[in-house]
Participant: 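Below is the structure I would like to discuss, written out as structure tokens.
Order of the sequence lines sets the chain letters (A, B, ...), proteins ahead of strands, with each chain counted from 1. Only a predicted model underlies this, so the values are computations on that prediction, with no experimental measurement involved.
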There are 2 protein chains.
Amino acid sequence: MKTEDVVLGILNEKSQTGYDIVEKIKTIFSHFFDGSYGSIYPVLHKLENKGKVTKKIIVQEGKPNKNLYSITESGREEFNKYLRSPVQTEVMKSDFLMRLYHGEYLPEEQIKQIIIEEINRKEQLVEELESQFEVWKEDMSSYQKLCCQIGIESYRSEIEILKKFQGH
Amino acid sequence: MKTEDVVLGILNEKSQTGYDIVEKIKTIFSHFFDGSYGSIYPVLHKLENKGKVTKKIIVQEGKPNKNLYSITESGREEFNKYLRSPVQTEVMKSDFLMRLYHGEYLPEEQIKQIIIEEINRKEQLVEELESQFEVWKEDMSSYQKLCCQIGIESYRSEIEILKKFQGH
DNA sequence: TTGCTCATGTAACCTGTTACATGATTGG
DNA sequence: CCAATCATGTAACAGGTTACATGAGCAA
């Protein structure tokens with residue numbers, strides 16, 4: 001899964017600005033993808049050069065101008081090629097589990113604290129995802145809703161697992 | 001979490017070769033970290049230049065020579081600094097959830113197939129992790145075992161969630 | 001008046017992936 | 001005889017992060 005395909009997928013739904021795309025990634029994609037301005041803006045320029053998207057400048061008053069991007073026919077083809085390509089394995093990077101692995105080199109109190117913090121962090125994430133789901137769900141397809149629900153349930157399971165192992 | 005810290009952590013347990021380090025990462029770290037020869041060998045050279053590890057060449061017959069790396073006092077200090085630094089949030093990249101999100105643009109049969117494949121993939125992963133756990137557990141601390149058990153349970157929960165949502 | 005939201009962008013840096021190169025031994 | 005295991009390494013490429021730059025409006 002390339003960032004280019006992710007951006008094409010978002011623009012395939014509707015025309016949007018780079019700012020909108022990053023917002024969507026940071027909210028409803030947060031549990032399975034990551035992107036920032038530093039990665040999304042360059043990708044949009046690249047896609048424009050390749051003719052996969054077109055840009056329309058929208059002049060605004062009292063606010064900065066917007067670059068509204070739309071997917072082209074060539075972009076749709078590329079996106080469909082992606083959709084039919086083999087699914088890549090999931091990648092997980094967990095600093096939390098790395099700390100836990102080396103737990104014997106830290107005082108027990110500190111490990112307990114790290115576990116508590118991880119539970120809190122995940123409870124925060126599940127709350128955010130749930131509230132974002134409420135915001136977006138009217139405009140979501142059943143598959144998109146499913147995707148959010150899986151995220152919510154995954155976080156909840158993780159929290160349960162950590163609570164179960166809390167206190168050895 | 002930098003790859004340098006991960007390598008120092010592995011060498012903190014005992015002196016090992018680059019090959020051993022990659023093997024460990026590919027087996028018992030597989031559910032929370034990723035690394036390959038192309039990333040680990042350069043990191044070892046870098047750590048050696050910085051004086052965080054030392055290299056001892058072991059001549060073997062019938063096999064290529066080994067470079068056995070050991071952590072230095074300076075390396076231990078660096079690793080302990082890492083252990084006491086703030087825990088970074090987990091990062092997840094899931095091509096599977098990206099496909100599911102765009103499910104409406106694929107025939108229903110294909111989505112069902114993608115879900116089945118993801119369940120199979122995760123069942124494969126949980127089996128591998130369990131068998132690796134059996135191989136390594138004699139030499140593992142209770143925290144290291146906990147780390148594996150969390151991985152196994154996480155995969156199982158994910159499988160349950162997918163099965164629950166299978167067929168909408 | 002402080003900080004947030006909207007809105008775009010880039011340059012320097014760091015890091016990782018892929019593909020290549022080498023080569024003997026061992027197991028099925 | 002073929003594939004896997006052991007064992008190291010690099011060069012070219014691709015990619016992302018961080019920090020910076022700009023700037024108006026608005027709410028507390």
Participant: Could you write nucleotides 14-24 of chain C as a row of B, S and -, 5' to 3', where a protein heavy atom under 4.0 Å of any base atom gives B, of only sugar-phosphate atoms gives S, and otherwise -?
Facilitator: -SSBB----B-
Participant: Rounded to whole angstroms, how far apart are NE2 on A/His45 and P on C/dT8?
Facilitator: 9 Å
Participant: Could you say whether A/Pro42 or A/Lys66 is positioned toward the 5' end of DNA chain C, judged by the nucleotide with the nearest heavy atom to each?
Facilitator: A/Lys66
Participant: Please report the distance, rounded to the nearest Å, between CG in A/Leu47 and P in D/dG15.
Facilitator: 11 Å
Participant: Without decimals, in angstroms, what is the distance between A/Leu44 CG and C/dT10 P?
Facilitator: 11 Å
Participant: Which of parallel (below 30°), tilted (30 to 60°) and perpendicular (above 60°) describes A/Tyr41 and A/His45?
Facilitator: parallel
Participant: Between C1' on C/dG9 and CD1 on A/Ile40, what's the gap in Å once rounded to a whole number?
Facilitator: 14 Å
Participant: Check the distance between D/dT22's C1' and A/Asn65's CG and give it to me in whole angstrom.
Facilitator: 13 Å
Participant: Can you give me the closest heavy-atom contact between B/Cys147 and B/Phe32, atom names plus distance?
Facilitator: SG-CE2, 3.6 Å
Participant: State whether A/Lys24 and A/Glu13 are salt-bridged, where the test is any N-O pair (Lys NZ or Arg NE/NH1/NH2 against Asp/Glu carboxylate O) under 4.0 Å.
Facilitator: yes
Participant: Output the rounded distance in Å from NZ (A/Lys26) to C1' (C/dC6).
Facilitator: 16 Å
Participant: In whole angstrom, give the distance that lies between atom CD1 of A/Ile58 and atom P of C/dA7.
Facilitator: 10 Å
Participant: With axes from five pairs an end, tell me the bend angle of the helix from C/dT1-D/dA28 to C/dG28-D/dC1, nearest 10°.
Facilitator: 60°
Participant: Regarding A/Gln132 and A/Glu128, do their side chains bring together a donor and an acceptor under 3.5 Å, going by distance alone?
Facilitator: no
Participant: Please report the interatomic distance CZ(A/Phe96) to CD1(A/Ile114), rounded to the nearest 0.5 Å.
Facilitator: 8.0 Å
Participant: Output the distance between atom OG1 (A/Thr17) and atom CD1 (A/Ile40), rounded to the nearest 0.5 Å.
Facilitator: 11.5 Å
Participant: Please pick, from D/dA7, C/dG9, C/dT8, the nucleotide with the shortest atom-to-atom distance to any side-chain atom of A/Lys55.
Facilitator: C/dG9
Participant: Do any side-chain nitrogens or oxygens of B/Tyr41 fall under 4.0 Å of OP1 or OP2 in D/dG9?
Facilitator: no
Participant: If you only use heavy atoms from C-beta on, which nucleotide in D/dG9, C/dT8, D/dC6 is closest to the side chain of A/Tyr19?
Facilitator: C/dT8
Participant: Verify the contact: side-chain N or O of B/Gln60 to OP1 or OP2 of D/dA7, cut-off strictly under 4.0 Å; return yes or no.
Facilitator: yes
Participant: What's the verdict on side-chain contact (heavy atoms from CB on, under 4.5 Å) for B/Leu47 and B/Tyr69, showing C-alpha distance, side-chain angles and the deciding distance?
Facilitator: CA-CA 10 Å; B/Leu47 287 171; B/Tyr69 289 94; over 6 Å; no
Participant: With respect to the side chain of A/Tyr69, which nucleotide from C/dG9, C/dA7, D/dT8 is positioned closest?
Facilitator: C/dG9
Participant: Whole angstroms only, please: what is the CG-P distance between A/Leu68 and C/dC6?
Facilitator: 16 Å
Participant: Looking at every heavy atom in both B/Lys145 and B/Lys137, which two are closest together, and how far apart are they?
Facilitator: CE-O, 3.4 Å
Participant: Quick check with a 6.0 Å cut-off and a 45 degree axis cone: is B/Arg99 positioned over the face of A/Tyr82's six-membered ring?
Facilitator: yes
